[in-house]
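Here's the structure we're looking at; comments come further down.
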Amino acid sequence: MTVETIDIIREENLVYRKTPALTDNVMHYCPGCSHGVVHKLVAEVIEETGIREQTIGVSPVGCSVLAYNYLDIDWAEAAHGRAPAVATGISRLHPEKYVFTYQGDGDLASIGTAEVMHACNRGENIVIIFVNNAIYGMTGGQMAPTTLVGQVTSTTPYGRDVKLNGFPMKITELLAQLDGTGFVTRQAVHTPLAIRKAKNAIRKAFENTKKDKGTSFIEIVGTCSSGWKMTPVDANRWMVENMFPKYPLGDIKDI
Amino acid sequence: MAKFRGAVVVDAEKCKGCDLCVVACPAGVLSLAKEVNGKGYHYSEMARPEACTGCANCGLVCPDAVITVYRKNIQ
């Protein structure tokens with residue numbers, strides 16, 4: 001390290017550091033996992049808007065089941081897929097709190113489809129963060145409802161066949177049709193620009209909770225480099241080439 | 001000559017060597033070290049500190065939030 005670099009590393013020159021809403025625990029996620037970035041964005045939004053004491057998260061079953069170890073806020077743990085139902089209860093008991101669920105695609109789009117559909121249809125005043133990496137990451141890379149046609153997983157070793165396994169489920173478009181949702185968007189966290197946009201979407205979702213604008217639903221298209229059997233950099237490239245044509249980014253509904 | 005000079009501090013013991021910050025850096029400042037940390041990962045480090053402008057792209061993309069970025073106006 002040159003003398004000049006040491007001269008720059010001073011508190012007054014600080015431009016970016018880990019937000020205090022994230023704990024110092026080392027995340028258990030694989031190297032390059034999108035969950036880390038999404039956790040960080042949620043923590044930054046909570047810290048910057050000053051709602052750390054008023055926020056309650058509901059964590060899912062899946063890789064992010066241990067999210068409560070990393071975000072220094074109040075948490076509840078829901079059974080597989082049932083996070084929107086638990087969040088409904090918390091939100092109705094504490095209408096002044098900011099309640100959000102953090103779910104993966106195996107949790108939300110598969111076993112929890114009924115819960116998320118009806119929570120959104122009721123227009124519960126919660127934020128739902130849905131990380132879609134087209135695979136069951138924690139259990140060993142099995143096919144999820146969101147797995148792309150032809151995608152190789154451990155349960156579709158010859159690629160997903162629509163005659164056998166059906167089509168990938170675009171759950172975000174489905175939820176946008178429900179009258180209860182106020183803000184439905186799809187974002188990604190693969191580049192600095194996309195990360196900034198995703199952060200703005202998360203901030204807007206929490207602001208909508210304050211305005212009681214219905215359910216806010218944010219899908220974040222992510223990677224699973226271990227499940228996809230790629231390096232994190234290759235996984236990001238694969239996501240851009242294969243996931244984005246099926247799951248295009250952008251706001252789907254904003255009232 | 002760049003108007004800003006930056007510096008990146010990586011918490012080497014927490015870094016998992018995912019390489020995302022190396023790819024995200026527009027100035028090619030970062031690279032993975034030849035050495036490994038306690039968990040066996042080739043951690044990220046500043047290979048060309050003189051090129052850093054402190055844009056904080058590396059910090060933004062870091063999934064483990066182990067990067068701290070500083071920037072100083074040198075004009």
Side-chain angles (χ1 to χ4, degrees), chain A residues 1-44 70-71 188-199 222-223 225-226 230-237, chain B residues 1-2 4-27 29-33 36-74:
Chain A
M1 206 177 275
T2 60
V3 177
E4 210 178 337
T5 302
I6 291 169
D7 197 39
I8 298 166
I9 302 172
R10 290 173 191 276
E11 200 61 29
E12 67 263 25
N13 297 332
L14 181 76
V15 285
Y16 192 89
R17 87 156 27 137
K18 181 181 83 66
T19 176
L22 272 182
T23 64
D24 287 330
N25 296 332
V26 179
M27 293 193 198
H28 70 282
Y29 301 117
C30 306
C33 180
S34 304
H35 274 308
V37 183
V38 183
H39 281 17
K40 195 171 68 171
L41 293 184
V42 174
E44 285 175 1
Y70 310 127
L71 271 78
V189 289
H190 62 304
T191 61
L193 176 65
I195 290 170
R196 287 197 170 92
K197 284 183 179 174
K199 186 175 171 182
T223 61
S225 50
S226 297
M230 297 174 194
T231 65
V233 175
D234 287 343
N236 272 344
R237 199 174 299 128
Chain B
M1 187 65 192
F4 289 97
R5 273 290 309 274
V8 174
V9 179
V10 180
D11 187 341
E13 272 312 304
K14 283 186 174 180
C15 177
K16 293 176 185 163
C18 69
D19 210 23
L20 291 181
C21 55
V22 177
V23 175
C25 179
V29 173
L30 297 165
S31 72
L32 296 187
V36 294
N37 62 15
K39 289 194 171 174
Y41 294 120
H42 293 278
Y43 54 87
S44 175
E45 65 176 8
M46 281 181 99
R48 294 176 58 230
E50 69 283 356
C52 182
T53 59
C55 71
N57 276 4
C58 52
L60 271 178
V61 300
C62 178
D64 294 283
V66 299
I67 295 180
T68 310
V69 185
Y70 300 86
R71 180 170 53 204
K72 190 178 183 184
N73 191 340
I74 53 164

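First the proteins, then the strands, lettered A, B, ... as listed; each starts at 1.
- Nearest heavy atom pair, residue Ala65(B) against residue Leu22(A), reads CB-CD1, 3.8 Å.
- Both the backbone and the side chain of Val61(B) come within contact range of chain A, judged by heavy atoms closer than 4.5 Å.
- Arg10(A) touches chain B through its backbone: at least one of N, CA, C or O sits under 4.5 Å from a heavy atom, while the side chain does not.
- Between the side chain of Lys40(A) and the backbone N or O of Leu60(B), at least one donor-acceptor pair lies under 3.5 Å.
- By number of non-hydrogen pairs under 4.5 angstrom with chain B, the leading residue of Cys33(A), Pro31(A), Ala194(A) is Pro31(A).
- Contacts between Ile195(A) and chain B at a heavy-atom distance below 4.5 Å involve the side chain alone, from C-beta outward.
- Interface remark: Asp234(A) contributes no atoms to any contact with chain B (heavy atom separation under 4.5 Å).
- Rounding to the nearest 0.5 angstrom, the gap separating the CD1 atom in Ile74(B) from the CD1 atom in Ile8(A) is 7.5 Å.
- Here CD of Glu12(A) is found 10.0 Å from OH of Tyr70(B). Values are rounded to the nearest 0.5 Å.
- The two residues Pro49(B) and Thr5(A) make their nearest non-hydrogen contact at CB-OG1, 3.7 Å.
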> Hey, mind stepping through Asp19(B) and Thr231(A) against side chain to side chain contact (heavy atoms under 4.5 Å, CB included) and telling me if it holds?
Replying inline: CA-CA 9 Å; Asp19(B) 210 23; Thr231(A) 65; over 6 Å; no

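- Note on Ser225(A), Ser34(A), Pro192(A): by heavy-atom pairs under 4.5 Å with chain B, the leading option is Pro192(A).
- Chosen from Asn236(A), Val15(A), Val26(A), the residue pairing most often with chain B at heavy-atom distances under 4.5 Å is Val15(A).
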>> One pair to check against salt bridge (charged side-chain N to carboxylate O under 4.0 Å, His left out): Asp7(A) and Arg5(B). What are the steps and the verdict?
In response: CA-CA 10 Å; Asp7(A) 197 39; Arg5(B) 273 290 309 274; over 6 Å; no

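- Identified by a heavy-atom distance below 4.5 Å to chain A, the contributing residues of residues 11-18 of chain B are Lys14(B), Lys16(B), Cys18(B), in residue-number order.
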